[in-house]
Every structure is written in structure tokens, then in C-alpha cells.
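Below you'll find the structure, written out as C-alpha cells, and then a few comments.
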There are 2 protein chains.
Amino acid sequence: MTITKPILSSRVMIDDTVAQLEALIMRGELQPGDRLPEQQLANTLGVSRGPLREAIRTLEGRRLLERTPHAGVRVVQLSLDDLEQLLVMREALEGMACRQAAEQMTVHEIHKLRETAARIEKLINEGSLFIFSGQLDADFHLQIAIGSRNQWIRRLLCEDLYSLLRLYRLHGVRQPDNIALVTAKEHHEIIDRIHARDPDGAEQTMRAHVRHSRDRLLSQIRAAG
Amino acid sequence: MTITKPILSSRVMIDDTVAQLEALIMRGELQPGDRLPEQQLANTLGVSRGPLREAIRTLEGRRLLERTPHAGVRVVQLSLDDLEQLLVMREALEGMACRQAAEQMTVHEIHKLRETAARIEKLINEGSLFIFSGQLDADFHLQIAIGSRNQWIRRLLCEDLYSLLRLYRLHGVRQPDNIALVTAKEHHEIIDRIHARDPDGAEQTMRAHVRHSRDRLLSQIRAAG
DNA sequence: CCTGTTGAGATTGTAGACAAATATGCGACT
DNA sequence: AGTCGCATATTTGTCTACAATCTCAACAGG
């Protein structure tokens, strides 16, 4: 009997379509509120309506798309209140992830985390960090989510929540340097609590970090718009 | 010629199919690990493979089903570790929901919550409450999730998490009466913290409640199997 | 006897056509 | 001129057929 399991090698159009749709949304070519005409989109993506509809269903599950029966599909439009509530949820989930990371992360993972934090700090000192657009900042939180060994929280954060938050196009929201330095300091505190195997402290520190970031972001947006 | 097809409802077939599939899983007619042959299932449910596949995609998004390309779809099989991690996530989310409920719930909602808690206590005193199967207990947590005014946490708890947890078929897990009384006491404490508009206390109390429930459940399962 | 291959059967993935429902636009009537 | 109603058009929802892939058992060879 062959033991080979060609799961990874088999490419399915639907998965590619999901990725392409997600890319279209993230690149802003499909903006919040935009309608998705099935036939036209199918032609554009080079697939039939069947696979496209299944891909749409998948993204509906991630709350990126919303369907009203017989009226079509639209890219979700997040209100400011939605953004706030999503970030509240993030505080709860990342706090718990950080608690578990303090219990579960290996020393090697913690070392890698310090490297990431150091790179972020370096960028801040160079004055070139856009906190909410940086891949590095996302990496920092991603590493902790992975370190929690909680696949359910990790998938929720990485697959669902982060893409939803990116809908708000926070790119270009510039943090004043003094604020960015506070962020860097918080990163170090978080790592210290994880390294000290202090779950309570790790959770509290991460929650404060997410809360601060949320408060600053919301007040910035409210001031701008 | 024209073939009249019986229209089951004004809703779209796909939504009905999602509901029927979910019911099949919850009723145990489709058990964890079971394969879902598309053609056969489509015949059983009286729909074509197209709508069925879209319904399956929807339930995939809720993590109730898992698909491996070209190999079919199966009902998700939760390990004991999965159950523990899901309940850890629940602690974080319900804790935060309870915090927000303490800030947002109306006095009328709090009153309704007290009524639910009273009904639960009454059942306990009659010795007839199966904590983890009771619709009343689910109602208690549901009302708090609604009271949080956080639709994202509420949908995650009610639409995704609760059905996943029900996969474990905790029906019939009998709580000793003295334990059930502790549960009832915790319910009252939670309501008191909400009524006192004490977010910190409400979150801490709810988290302790969920944590205790998790610990008891896991030790019961580990002892049994 | 075991191993690896190969082909038939079954199942999943995709495409295109048909049916149902909603939106649009024109014309008639008040 | 405005509004109601009907017919048309567009879009979504569903079905059937076809193609691609996997499974499994039979079988040839070592």
C-alpha cells in the first residue's frame, strides 16, 4: 500500500479563488460596501460561478463578506463601533494567548520574540515605524499566538480577526515617536513576563498593551474624521 | 415539461441545508469523524450537490466540518486537548462579555437574568438539573453575551463556540448536588457584580465560573475515560 | 509470501445551462 | 407632472453533466 498522502500537492481552484478574493479586498481593489457580481468576477478570476460562490461562502464565514439573499454579496463595512468591539475582543483573546504563552513557549521561541522586538525598536529609533502597518508588529503578536499552543485562539486571531482589522486601512496612521517608544517598552515588559513564566503578569501586560493601542487608534480616528 | 418542485420555505435552500446539516450533527446522526458523501447526502436532503457544497463550506467556516481536498468532508473530531483549549477561549470571551455586560446591560435585562438564575436554582433544588445539558444554563450565558452589546463576541460564542462544545455530547454528565449548588452561587455572584456595575468583578467572577466548570468537566471526563 | 503497479469504480471538483427572484424602465392613467 | 403597473432585463439560486482525482482490489513479478 502506498503511504503517500498528496494533500499539500493537490491544488484546488476554490482555495486559489479564496486567496485571490482576499487579496483583492486587502489591496483595496474591492472596497468595503462594494458589490461582487458573480458572473463578472468569475470571468475576471478565470473560474466558473460554482467555485467562486464556494469561495465567497468561505469568506462569509470569516465575516469579510456579507450576503443578503437574492440581493448579492458585499464587502463588509465596519462601523467605528465595530472596530472598537473587534479590538475589545482582541484584548480578551490576545491576553489569554499571552497567558498561555507564558506557560508554554520554549526558551528558543522567547529568544526569537526578543529579536523581533529588538527589530521593531530599531525601526522606531530610526523614526521609520508605522506601528499599525508594520509586518514586524504583526509578527510579534503572531509569535505569541503560536506560542500559546492554542490553535483555536491562534486561528481566530490570525485567520479571522487580523484580516478584518486590516479592512480599516490603518496603513499610514503615523504614531508620534514618544508613543512608539511606549509601545516598544510594553513589548519588552510582555516578553519579560513571559520569560519569567508569570501568566497573570503576562496577560495583564498584554491586555494593557492592546488596550492602549486601541484607545490611541480610536482617538486618532475620531480626531481625524 | 414543467416539473413542479416543492418549495419548502421562502428562504433559500442553502440556508435550510445548513440548518439541516447542523441538526444532523447535533442530533448525533452524523457523528464526529463521519464522512459526508455529497451525492448521497444531497439525495437525503432533497437538494442538489451545489447548494449542499455551499452549506458544507459554511459549516467549515464554523469549524464543525473539515475538508481535505479530493478526499471528502468529515465531522470534526475534537480531542480532549481541543476541548480544553476551546474552554480556555471561552473563559477569555465570556469574561470580556461579562465585563461589557456590567457596563451595558439594562436593569430590565438584569432582572430577566435573575429570573433565569432562579429557575436554574429551582431545578437544582429539585435535583433534576443536568448542568451541561440544560437549555437554561445556555440561556444564562446567552443573555450575558447579548447584554455585552458586542456582536462579534456574541456571534463567536453563540454561533461557533457553543455548537462546537455540544459536539462532545456532555448531555448526561451529572453534577453532584453540592457542586451544582456552587454553580448556582456563582451565578448569583455574577449577576450581583453586573448589577453593581463592577466590570472588573464581573469579569473575574465569570472567568472563575467558566474555569471551575472547565476543571470539573475535564477531570470528570479524564476519570471516566 | 510479500511488494509494487495498474486499472476499474467511486467520489470530488468544475463548467455551463436553466429557473426564480429582484431591479429597471417605459407607458398609461389620474 | 407624478405615480402606478406591467414587461423586460439583469442577477442570483439551482440543477445536470462532464472532468479530474483518489481509493481499493486484483495481479504480475521478485
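Every heavy atom of this structure was used, including side-chain atoms; hydrogens, water molecules and symmetry mates were not.
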Compare the minimum distances between each of dG13(C), dA15(C), dT16(D) and the side chain of Pro51(A), then state the nucleotide with the smallest one. dA15(C)

Just to be sure I understand the rule, does Val47(A) reach a base, reach only the sugar-phosphate, or reach nothing, if contact means heavy atoms closer than 4.0 Å? sugar-phosphate

Can you check the Ile14(A) CD1 to dT14(C) C1' distance for me, whole Å? 8 Å

Quickly work out the Asp15(B) CG to dA20(C) C1' distance and round it to whole Å. 16 Å

Using a cut-off of strictly less than 4.0 Å between a heavy atom of the residue and any atom of DNA chain D, enumerate the qualifying residues of residues 52-64 of chain B by number. none

Interatomic distance, Gln100(B) atom CD to Asn150(B) atom CG [nearest 0.5 angstrom]: 4.5 Å

Tell me whether the guanidinium CZ or amine NZ of Arg154(A) lies under 6.0 angstrom from the six-membered ring centre of Trp152(A) and within 45° of its axis. no

For His141(B) and His209(B), take the angle between the two ring planes, folded into 0 to 90°, and tell me which bin it lands in: parallel under 30, tilted 30 to 60, perpendicular over 60. parallel

Please list each protein N or O that sits under 3.5 Å from an N or O in nucleotides 6-11 of chain C, with the distance.
| residue | atom | partner | partner atom | Å |
| --- | --- | --- | --- | --- |
| dT11(C) | O3' | Arg35(B) | NH2 | 3.2 |

Can you tell me if Asp82(A) and Gln151(B) form a side-chain donor-acceptor pair at under 3.5 Å? yes

Could you state the CD-C1' distance from Gln39(B) to dA17(D), rounded to the nearest angstrom? 11 Å

Contact check, side chains of Asp16(B) and Leu45(B), non-hydrogen atoms, under 4.5 Å: no

Considering only heavy atoms from C-beta outward, does the side chain of Leu64(A) approach that of Met26(A) to under 4.5 Å? yes

Could you give the distance from CD (Gln20(B)) to CZ (Arg27(B)), rounded to the nearest 0.5 Å? 11.5 Å

Output the rounded distance in Å from CZ (Arg67(A)) to P (dA21(C)). 16 Å

Does either side chain, that of Gln39(B) or that of Asn43(B), offer a donor lying less than 3.5 Å from an acceptor on the other one? yes

Out of dG13(C), dT14(C), dC15(D), minimum distance to the side chain of Arg49(B) belongs to dG13(C)

